[in-house]
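Below you'll find the structure, written out as structure tokens, and then a few comments.
Bear in mind the structure is a predicted one, so any value in this text is a computation, not a measurement. For the single chain, residues carry numbers from 1 onward in sequence order.
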Amino acid sequence: GAAVLAASGADYGIAGEGECAAVELFGAIAAGKAPPRGTVVSSPADVILGARYSRKIADWYDRETHNIPIQTKRGCPFRCSYCLSSTDVSVRFKSLEKVKDELNFFLKNKVRLVKFVDRTYNLNEERYIAIWQYIIENWNGITTFHFEIEAQQLTDKALECIKNVKPNCMQFEIGIQTTNEPTLKEIQRPFDSNKIKYVLENIPESIHVHLDLIAGLPYETLSEFENSFNYTIKLNPRMLQLGFLKILHGTQMESFAEKNPGYKWLSCAPYEVLCSPWMTFSELQMLKHIDLLVDNIYNSQNFLQTLRYISTLNINQFAFYTQLESYLAEKHFFDTLHKPEIFFDILFDFFSEYNEYIKMMNIESDEVLFCEDNVLIIKELLKFDYIRRAKTSTFPSWYKRNYSKENHRAVLENNYDISSTRDSYINSAYEEFSVNPFTFEMSPAKVLFIYNTQKLNGAAAKTFLKEENTECILIEESMLSSGN
């Protein structure tokens with residue numbers, strides 16, 4: 001402790017948990033009873049009081065960061081070489097009673113998002129299930145709780161506890177990081193693909209799952225990262241998050257990087273890797289671009305049906321994003337910032353120009369991902385997703401409408417309880433497609449979109465798709481005539 005303090009240039013140090021020791025030290029200094037400079041004040045290792053929450057603090061977090069953190073334990077028994085928590089393997093827990101009091105505060109004040117910042121939340125089964133049960137039993141219908149989960153540690157008892165969790169109550173962040181065996185061995189991270197697959201299949205759809213990857217890890221080339229990406233996206237997470245290795249002072253990763261001169265990283269926060277012996281600067285920059293594309297296309301949930309169709313083609317999905325990245329890089333797309341809406345435009349342009357693109361880039365036939373029929377279907381699905389995500393009266397230039405006001409009115413009048421014709425049009429849309437957007441068959445389809453089911457009741461058809469607050473209904477010819 002004294003050596004670290006001397007190297008840092010600080011006057012005082014605190015060893016162990018800081019809540020009590022810091023208050024005592026500051027109080028002594030304020031009272032003119034400061035200990036000698038260079039003193040390291042110790043604190044009992046089991047005293048974890050955590051933050052003192054107030055309405056003012058909660059409002060600030062809600063406004064500035066859109067989430068409020070909670071820490072229920074410190075330390076981590078795992079030794080992932082890139083993580084600072086690996087240097088503190090002793091695990092200490094905050095009392096369960098205090099955790100429940102804090103949860104009560106969040107629920108009572110209707111905080112939007114509470115983020116558990118515990119490294120590996122699900123360590124002590126009895127304890128973490130008790131917290132989940134408390135949240136489930138007392139949920140206010142508003143607050144979402146975010147947990148960082150180690151999938152391989154989740155038991156059947158835990159999965160049983162959450163099987164009936166309501167939508168928007170919980171979300172899980174699960175680190176895959178890599179599937180490359182030499183990399184996993186070097187970073188000291190266990191990996192059981194069968195267990196991970198089993199757990200993800202048994203987490204209910206009401207819980208959004210975010211899966212993480214890290215680029216720049218030891219022994220992982222771009223080709224091996226591609227394998228990790230394709231494995232992870234096939235698990236169908238709600239969000240796929242691409243992170244970049246940070247070489248943090250004091251970690252085993254720092255020692256490893258210093259012994260491997262091919263590693264270069266930022267000397268100041270966030271200490272992010274710039275290149276590795278296995279991945280060049282240009283390759284990592286390309287992955288930065290792919291991260292942007294994944295975030296705005298996959299994670300945005302704006303292209304659900306388009307991406308579902310692409311997943312049925314069993315193509316190399318990493319290759320799809322790399323081809324899209326190279327197409328956009330040629331147009332200097334990444335040189336400026338863009339609004340999220342533009343990604344409909346760029347995808348439509350990419351697929352419209354796909355044949356020309358593969359010729360220009362001299363792409364070999366076995367690397368061509370989409371045939372002409374695929375492209376036709378995708379362009380229709382882009383139209384479907386555009387109109388599905390929200391009611392709109394404005395359409396981009398590429399969107400050629402196929403709308404029948406007569407059919408729109410007929411399906412509403414014949415199948416719904418309409419108190420106001422104006423409201424029924426405001427809360428619905430109608431479009432005809434050359435492709436069935438539900439089965440992906442090359443057959444014409446008429447679709448009704450309902451954006452607020454509370455104001456439009458009485459559907460006489462099966463809802464083929466419901467995403468968030470939009471219902472998408474395939475219209476049968478019988479629904480267009482009266483007397484149903």
Side-chain angles (χ1 to χ4, degrees), residues 58 61-62 65-70 103-116 121-122 128-149 151 154 156-174 196-212 232-233 235-241 295 297-308 311 340 384-385 388-391 427-428 438 449-457 459 462-473:
Y61 273 108
D62 229 17
T65 69
H66 308 298
N67 69 76
I68 188 166
I70 177 174
L103 294 176
N104 228 9
F105 172 83
F106 301 140
L107 292 164
K108 181 181 177 181
N109 286 281
K110 299 179 180 178
V111 174
R112 285 178 294 175
L113 178 62
V114 175
K115 190 168 186 178
F116 280 68
Y121 165 80
N122 56 313
Y128 77 75
I129 287 179
I131 293 173
W132 278 349
Q133 287 175 331
Y134 186 84
I135 290 172
I136 292 167
E137 291 168 6
N138 296 278
W139 191 50
N140 58 13
I142 295 171
T143 305
T144 299
F145 294 89
H146 179 104
F147 302 91
E148 185 177 309
I149 299 294
L154 274 186
D156 286 334
K157 183 178 178 181
L159 293 169
E160 178 69 21
C161 170
I162 59 175
K163 71 177 185 180
N164 294 317
V165 167
K166 294 179 180 177
N168 301 318
C169 178
M170 296 181 187
Q171 60 188 35
F172 291 169
E173 181 176 347
I174 297 174
I196 291 172
K197 186 173 184 292
Y198 170 80
V199 165
L200 290 173
E201 287 174 346
N202 285 277
I203 293 175
E205 290 186 6
S206 58
I207 296 177
H208 293 170
V209 175
H210 304 176
L211 298 183
D212 300 340
T232 305
I233 204 166
L235 294 172
N236 196 32
R238 171 75 176 217
M239 294 183 71
L240 173 56
Q241 299 174 165
D295 200 39
I297 295 172
Y298 185 94
N299 295 343
S300 71
Q301 304 293 297
N302 285 338
F303 303 90
L304 288 173
Q305 218 51 3
T306 304
L307 294 179
R308 281 176 182 143
S311 70
F384 175 87
D385 278 327
R388 171 196 59 79
R389 66 194 179 108
K391 176 70 175 181
N427 293 293
S428 70
F438 307 107
F449 300 84
I450 302 175
Y451 302 104
N452 190 337
T453 55
Q454 293 179 340
K455 293 193 175 181
L456 205 55
N457 301 311
K462 178 182 178 183
T463 299
F464 272 69
L465 185 70
K466 183 172 183 179
E467 302 292 353
E468 300 298 337
N469 296 317
T470 305
E471 286 191 4
C472 310
I473 298 171

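Considering all non-hydrogen atoms of both residues, Cys472 and Phe449 come closest at SG-CD2, 3.8 Å.
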Margin query: For Phe145 and Ile131: C-alpha separation, side-chain torsions, deciding distance, then whether side chain to side chain contact (heavy atoms under 4.5 Å, CB included) applies.
Written below: CA-CA 11 Å; Phe145 294 89; Ile131 293 173; over 6 Å; no
Notebook entry, point to check: So Phe105 and Ile70, side chain to side chain contact (heavy atoms under 4.5 Å, CB included) or not? Walk me through it.
Noted result: CA-CA 11 Å; Phe105 172 83; Ile70 177 174; over 6 Å; no
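Taking the salt bridge (Lys or Arg N to Asp or Glu O under 4.0 Å) definition, one finds that Lys391 meets it with nothing, sequence neighbours left out. Not counting sequence neighbours, the partners of Asp156 by the side chain to side chain donor-acceptor pair (under 3.5 Å) test are Tyr198. Evaluation of the salt bridge (Lys or Arg N to Asp or Glu O under 4.0 Å) rule for Glu201 yields Lys197 as partners, not counting sequence neighbours. Under the rule for a salt bridge (Lys or Arg N to Asp or Glu O under 4.0 Å), Lys166 has no partner lying at least two apart in sequence or in another chain. Applying the ring-ring contact (aromatic ring centres under 6.0 Å, His included) rule to Phe172 yields the partners Trp132; only residues at least two apart in sequence or on another chain are considered. Every residue meeting the salt bridge (Lys or Arg N to Asp or Glu O under 4.0 Å) condition with Asp385, not counting sequence neighbours, appears here in chain and number order: Arg388.
Side-chain contact between Asn164 and Pro204 is absent, with no heavy-atom pair separated by less than 4.5 Å. At least one side-chain heavy atom of Cys161 sits less than 4.5 Å from a side-chain heavy atom of Ile136. Leu103 has its side chain out of reach of Asn138: every pair of non-hydrogen atoms, C-beta onward, lies at least 4.5 Å apart. Here the side chains of His146 and Asn67 are not in contact, with every heavy-atom distance at 4.5 Å or above. Side-chain contact between Ile203 and Ile174 is present, with at least one heavy-atom pair separated by less than 4.5 Å. Residues Gln171 and Met239 form no side-chain contact, since every pair of their non-hydrogen atoms from C-beta on lies 4.5 Å or further apart. A 4.5 Å side-chain heavy-atom check between Tyr128 and Leu154 finds at least one atom pair inside the cut-off. Using a 4.5 Å cut-off on side-chain heavy atoms (C-beta onward), Val199 and Ile149 make no contact.
Looking only at distances, no side-chain donor or acceptor of Asn427 sits under 3.5 Å from a matching main-chain atom of Ile450. Distance alone, capped at 3.5 Å, places no donor-acceptor pair between the Thr143 side chain and the Leu107 backbone. Checked by atom type and distance alone, the side chain of Tyr298 pairs as donor or acceptor with a backbone atom of Pro237 at under 3.5 Å. With hydrogens and angles ignored, the 3.5 Å screen pairs no side-chain donor or acceptor of Asn109 with any backbone N or O of Val111. For the pair Gln301 (side chain) and Arg238 (backbone), a donor-acceptor distance under 3.5 Å is present.
A salt bridge between Glu160 and Lys163 is present, with a side-chain N of the basic residue lying under 4.0 Å from a carboxylate O of the acidic one.
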